[in-house]
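Owing to the predicted nature of the structure, the values given are computational and were not obtained by experimental measurement.
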Amino acid sequence: MYRTGDLARWMPDGNIEYLGRIDHQVKIRGYRIELGEVEARLASVPSVRDSVVIALQDGAGQQQLCAYFTADEQLTIREIRSALLSTLPGYMIPSAFVQLDHIPLTTNGKVDRKALPVPDKALHTGAKYVAPRTDVEQLLADIWQEVLEIPQVGIHDDFFTLGGHSLKVLELVRKIHLATDIELPIRSVLEFPTIEEQALALLKSDLEYKADSPIIRLNEHGPVSIFCFPPMLGYGLSFAELAKQLDQVAVVYGLEFVDDAANEQEMLARYVDLIVSTQAQGSYVLLGYSIGGNLAHKVAVALEGQGHAVSDILMLDSVRRTEALPFTVEETEHEIHAMLEQVPESYRELLNDTYQRKMLAYAVYGNQLVNTETVQANIHGFVAAGSETVKGTGDNRLLWKDASQGSYEEHNLIGSHYELLEPGFVEENAKRIRAAIQSIARNIGQNIAYGSSKLMVDDMPGIR
């Protein structure tokens, strides 16, 4: 009858449920966000009095959230982000924070959003500001400021605390390469998240050495280690967001696709050496996402073939394949390029020739990869919602049931095949993966305890 600007839905019982204001809803990286919800969470942070959240366009034309607030004391980014991450998914965390003396109001007493200042000064990070001291540090600081779109960074600031995420990592690596002709491994941004560390690594050429190792530790704490094999992108960075969610539950290692091995046997042998040198004793736990699940199964076969125990494999929307795909290298390359054409141009330019070569090599290998062997390890299948990759039915939708001599079970995840580990989905999916890992950790502990007690009894004379 008339437009109020309110958003509501008519429920089956005849009631109308109020969802918020239409003009206060925005889309950020494909996710619809109710600004009022972010404002409410920010206002619940201790000492915060008033809060306003708006969407602004960054230099690349992408929408970003900016939060304005007043507080009883000076707050830091670390304090604010830590408080918000406990109640909001990552994609709803503002990229910029501005602390004001007061929120501007209109003559009617409402928030004057047009009078809010441009966020030319982000909230203090919590780290003492130290200016760049060398030409290399200054170069990196300039690149950071451009990538993160902030006016000032210190050499002790953390890239991710300042709002960096996976796409920002790729942009940072690209710009460093353009400026220095040094192709920084993307894993190094996780290992060296401050300007001081990155500059030192560049000067000592440590990054060239680390580029030879296709494994990276993505978090710090956990009673069990998980070795994760990547989807078609081919990089362990794919598991960075999941690793954050699993900290304290499992130490997550991301493995890259080894694209310089002479053959499959050499490649699998290198993975076995990497895993065994990282974790001296089993039982080993592997995880694979998409084609990474097929590769994880092959590595499990190789590990068991050398006498190592693999307790469990977690398959994230990965379907068992028993026949090779009949595609030539040329056809596969055409498909990769066609897929990249669907990626937004601002993102596509981040995937330089090195990344594209790795993707192509992975795809060519994946076409001939078959999983006809069985393993002793238990297998856990995690199925994406409405996934087009699902082939089976019932409790064997991913077809891994006959590939294990142990147990097999499946769980449902939210999001499509490509969304499983994206912000907005990874938080919920990590809960289900976490539950499986906790069960695995308990079983491994019981097996170790049983093995120790059996050894003690067998070593006692006269007792059998």
Side-chain angles (χ1 to χ4, degrees), residues 85-86 89-90 160 166 187 190-191 193 213-231 235-256 271-272 274-290 292-293 295-297 299-300 303-304 308-318 375-383 400 404 406-415 420-423 425-449:
L85 281 169
S86 66
F160 300 96
S166 299
R187 75 172 74 86
L190 298 169
E191 295 176 337
S213 178
I215 187 170
I216 177 174
R217 182 168 176 159
L218 295 170
N219 61 5
E220 293 300 322
H221 307 290
V224 62
S225 294
I226 309 289
F227 296 91
C228 302
F229 293 82
Y235 284 91
L237 182 68
S238 305
F239 300 102
E241 297 295 331
L242 178 64
K244 293 179 185 178
Q245 301 292 325
L246 296 181
D247 198 30
Q248 306 297 331
V249 176
V251 177
V252 176
Y253 291 93
L255 288 151
E256 296 183 0
Y271 279 129
V272 169
L274 277 170
I275 292 171
V276 173
S277 63
T278 302
Q279 179 185 323
Q281 298 177 345
S283 295
Y284 297 102
V285 181
L286 312 183
L287 179 148
Y289 178 15
S290 190
L295 177 55
H297 188 268
V299 174
L303 280 164
E304 291 184 350
H308 300 291
V310 180
S311 68
D312 296 83
I313 311 173
L314 286 72
M315 302 290 189
L316 303 190
D317 214 44
S318 172
V375 293
Q376 297 178 35
N378 304 315
I379 297 181
H380 309 256
F382 293 85
V383 186
W400 290 106
S404 169
S407 65
Y408 178 70
E409 56 184 16
E410 287 187 343
H411 313 267
N412 293 322
L413 298 180
I414 66 170
L420 296 183
L421 301 185
E422 292 295 313
F425 299 93
V426 66
E427 295 85 358
E428 181 63 30
N429 289 335
K431 294 178 183 177
R432 305 173 191 193
I433 297 170
R434 186 185 301 121
I437 293 174
Q438 289 171 332
S439 176
I440 291 169
R442 287 193 296 269
N443 290 335
I444 290 176
Q446 290 171 359
N447 291 338
I448 292 174

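- The line from CZ of F239 to CZ of F227 is 13.0 Å long, rounded to the nearest 0.5 Å.
- Using modelled atom types, one side-chain atom of S404 and one backbone atom of A377 make a donor-acceptor pair closer than 3.5 Å.
- The side-chain heavy atoms of Y271 and L255, taken from C-beta on, include a pair separated by under 4.5 Å.
- At least one side-chain heavy atom of I433 sits under 4.5 Å from a side-chain heavy atom of L316.
- Between H297 and W400, the two ring planes are tilted [angle within 30° to 60°].
- With E427 contributing its side chain and K431 its backbone, the two residues share no donor-acceptor pair below 3.5 Å.
- Partner of V285 under the side-chain contact (heavy atoms from CB on, under 4.5 Å) criterion, chosen from V310, N378, I444, I437: I444.
- Classified by interplanar angle (parallel below 30°, tilted 30° to 60°, perpendicular above 60°), the ring pair H308/Y284 is perpendicular.
- Closest approach of L246 and N219 over heavy atoms only: C-ND2, 3.8 Å.
- When side chains are defined from C-beta on, I379 does not count as touching D312, because their heavy atoms never get closer than 4.5 Å.
- With L420 as reference, Y289 is the one residue of F425, F382, Y289 to meet the side-chain contact (heavy atoms from CB on, under 4.5 Å) rule.
- Between L303 and I275 the shortest side-chain heavy-atom distance falls below 4.5 Å.
- The shortest side-chain heavy-atom distance between D317 and L413 does not fall under the 4.5 Å cut-off.
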